[in-house]
**Q** 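If you scroll down you'll find the structure; I have some questions about it.
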Amino acid sequence: MTSPAVVPFLDLTREGNPLQEEISTALRDVVLSGQFVLGPQVEQFEKTLAAYAGATEAVACSSGSEALLMALMALEIGPGDEVIVPSFTFFATASCVSRLGATPIFADMVPGTFNIHPESVAAKMTDRTRAIIAVHLFGQSADMTALAQLAEKRGIVLIEDAAQAIGSECVFRGETRRVGSMGRMACFSFYPTKNLGAMGDGGAITTCDASLAERLRLLRGHGMKPRYFHQIIGINGRLDAFQGAVLNIKFRHLDRWTKARCTLAAQYRELFAQTGLDDDLITLPLVPDTGRHVWNQFSVRIHQGRRDALRKYLLAQGVQTEIYYPLGLHEQECFRSLGGRLGDLPVTEHISREILALPIFPGLKPEEQETVVRHITQFLRNI
Ligand SMILES: *Cc1c(COP(=O)(O)O)cnc(C)c1O
């Protein structure tokens with residue numbers, strides 16, 4: 001028997017339970033409608049998302065991973081092509097490239113933001129490079145101005161992986177913009193742990209290019225139009241009506257939840273400032289001077305090789321944490337045939353050994369945050 005966590009890493013019931021009746025009613029309506037895949041709930045969701053992201057089109061699909069895959073399929077990326085991706089990201093950012101027979105090329109990160117480094121991207125460009133995927137990691141936008149400039153100069157496509165960053169804002173070419181409207185396409189995930197989470201899998205692609213959106217809709221349904229006449233080879237990437245219904249309800253609460261995440265992040269900073277812990281023990285995540293970080297994760301760096309021991313200690317105290325991500329993708333076994341080696345991307349390699357994500361989710365209580373910070377402080381002070 002394990003005792004219940006004192007501070008859970010994530011507790012989805014705290015945001016979900018107050019909406020339980022409204023959601024149950026909407027789900028029952030889907031049951032009674034007899035239309036379970038795509039349909040009016042999903043179309044409504046697409047409209048809301050496109051407007052929210054500042055794009056003209058949104059194509060909902062079955063997951064963030066399939067969104068990335070379809071974005072690359074729409075560009076006809078395949079064998080012989082290279083796509084530059086950050087090494088420090090979730091697996092799906094790179095696996096979509098490999099699934100199409102193209103080659104992911106891994107770039108290093110900016111240590112302050114954990115996002116892909118434009119200079120590293122520039123250094124990895126070849127005449128086979130077809131696209132760059134910029135991930136807005138942990139809820140903070142990548143340096144889109146610099147990346148867009150690189151992509152334009154080479155005539156290649158810039159795609160956003162906004163799976164962790166719905167509602168995040170940044171200054172793009174002198175204007176404040178939301179993620180989802182800066183790249184040629186942007187991919188979202190509505191996996192339950194994301195800032196806008198379905199009750200199952202879900203994803204979407206936003207774009208301002210109507211003909212690309214049309215192509216994405218074709219790809220989502222096996223390239224079929226009209227029925228059983230296949231123009232191109234697509235996949236089954238459809239979103240179901242139950243997820244559409246849940247997402248429509250939750251969308252109305254997204255800005256409130258985002259504000260709650262920002263408040264929690266500010267409180268962590270305040271609490272850590274009071275401890276007086278030194279920078280050589282722990283580094284807090286950077287807060288951008290402009291734009292809006294939406295804090296899908298609050299990831300600190302634990303120095304002096306003590307991250308894993310701290311994590312174990314916290315767990316013994318009932319404080320759950322996670323490691324996003326323990327290895328750069330260039331070090332993963334499945335990508336070893338690409339020739340990546342330890343030493344290739346030093347910043348990613350260094351930070352993946354230090355990073356530790358602390359609990360942050362709407363409904364996390366102030367006393368729980370105090371508990372987290374108190375235990376971290378106790379451990380780090382005890383050298
Ligand atoms: C979650 C995530 C994905 C994949 O989304 P799924 O909906 O889980 O398939 C892709 N990229 C990033 C950065 C993610 O965090």
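Both ligands and their constituent atoms are indexed starting at 1 by order of listing. We're numbering straight along the sequence, starting at 1.
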**Q** In the protein, what heavy atom is nearest to atom 9 (O) of ligand 1, and what distance, to one decimal place, separates them?
**A** S65 OG, 2.5 Å
**Q** Drop me the distance from I166's CD1 to R178's CZ, to the nearest 0.5 angstrom.
**A**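 If I round to the nearest 0.5 Å, the distance is 8.5 Å.
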**Q** Only heavy atoms of S63, strictly under 4.0 Å: list the atoms of ligand 1 that pass.
**A**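 Heavy-atom distances to S63 below 4.0 Å select 7 (O), 9 (O).
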**Q** Is K194 close enough to touch ligand 1? Criterion: a residue heavy atom under 4.0 Å from a ligand atom.
**A**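 Per 4.0 Å heavy-atom rule, K194 contacts ligand 1.
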**Q** Is there side-chain contact between C262 and H293, with at least one heavy-atom pair below 4.5 Å?
**A**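 Not touching, per the 4.5 Å side-chain cut-off.
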**Q** Show the atoms of ligand 1 that are less than 4.0 angstrom away from any heavy atom in A163.
**A**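 Within the 4.0 Å cut-off of A163, ligand 1 contributes 2 (C), 3 (C), 10 (C), 11 (N), 12 (C), 14 (C), 15 (O).
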**Q** Using side-chain heavy atoms (C-beta onward) and a distance below 4.5 Å, is D108 in contact with E119?
**A**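 In short, these two side chains do not touch, never coming nearer than 4.5 Å.
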**Q** Take L329 and F90 through the test side chain to side chain contact (heavy atoms under 4.5 Å, CB included) and record every step on the way to the result.
**A** CA-CA 8 Å; L329 292 180; F90 180 60; over 6 Å; no
**Q** Just jot down the ligand 1 atoms closer than 4.0 angstrom to any heavy atom of T93, in number order.
**A** 11 (N)
**Q** Decide yes or no for S181 and F172: does some side-chain heavy atom of the first lie under 4.5 Å from some side-chain heavy atom of the second?
**A**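 With C-beta onward as the side chain, the pair stays apart.
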**Q** Should G64 be counted as touching ligand 1, given the test is an N or O pair under 3.5 Å?
**A** yes
**Q** Taking 4.0 angstrom as the limit and counting only heavy atoms of V135, give me the atoms of ligand 1 inside it, by number and element.
**A** 13 (C)
**Q** Looking only at distance, does S189 have an N or O less than 3.5 Å from an N or O of ligand 1?
**A** yes
**Q** Closest non-hydrogen protein atom to atom 3 (C) of ligand 1, residue and atom name please, with distance?
**A**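 Ranked first by proximity to atom 3 (C) of ligand 1 is F90 CD2, 3.6 Å.
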**Q** I would like to know whether I355 and F138 meet side chain to side chain contact (heavy atoms under 4.5 Å, CB included); could you show each step before the answer?
**A** CA-CA 12 Å; I355 199 110; F138 302 150; 4.1 Å; yes
**Q** Are any of the side-chain nitrogens in E22 or R252 under 4.0 Å away from the carboxylate oxygens of its partner?
**A**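 Looking at R252 together with E22, the answer is yes, because their closest N to O distance falls below 4.0 Å.
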**Q** Which is closest to atom 11 (N) of ligand 1 in terms of heavy atoms, D161, T89, D201?
**A** D161
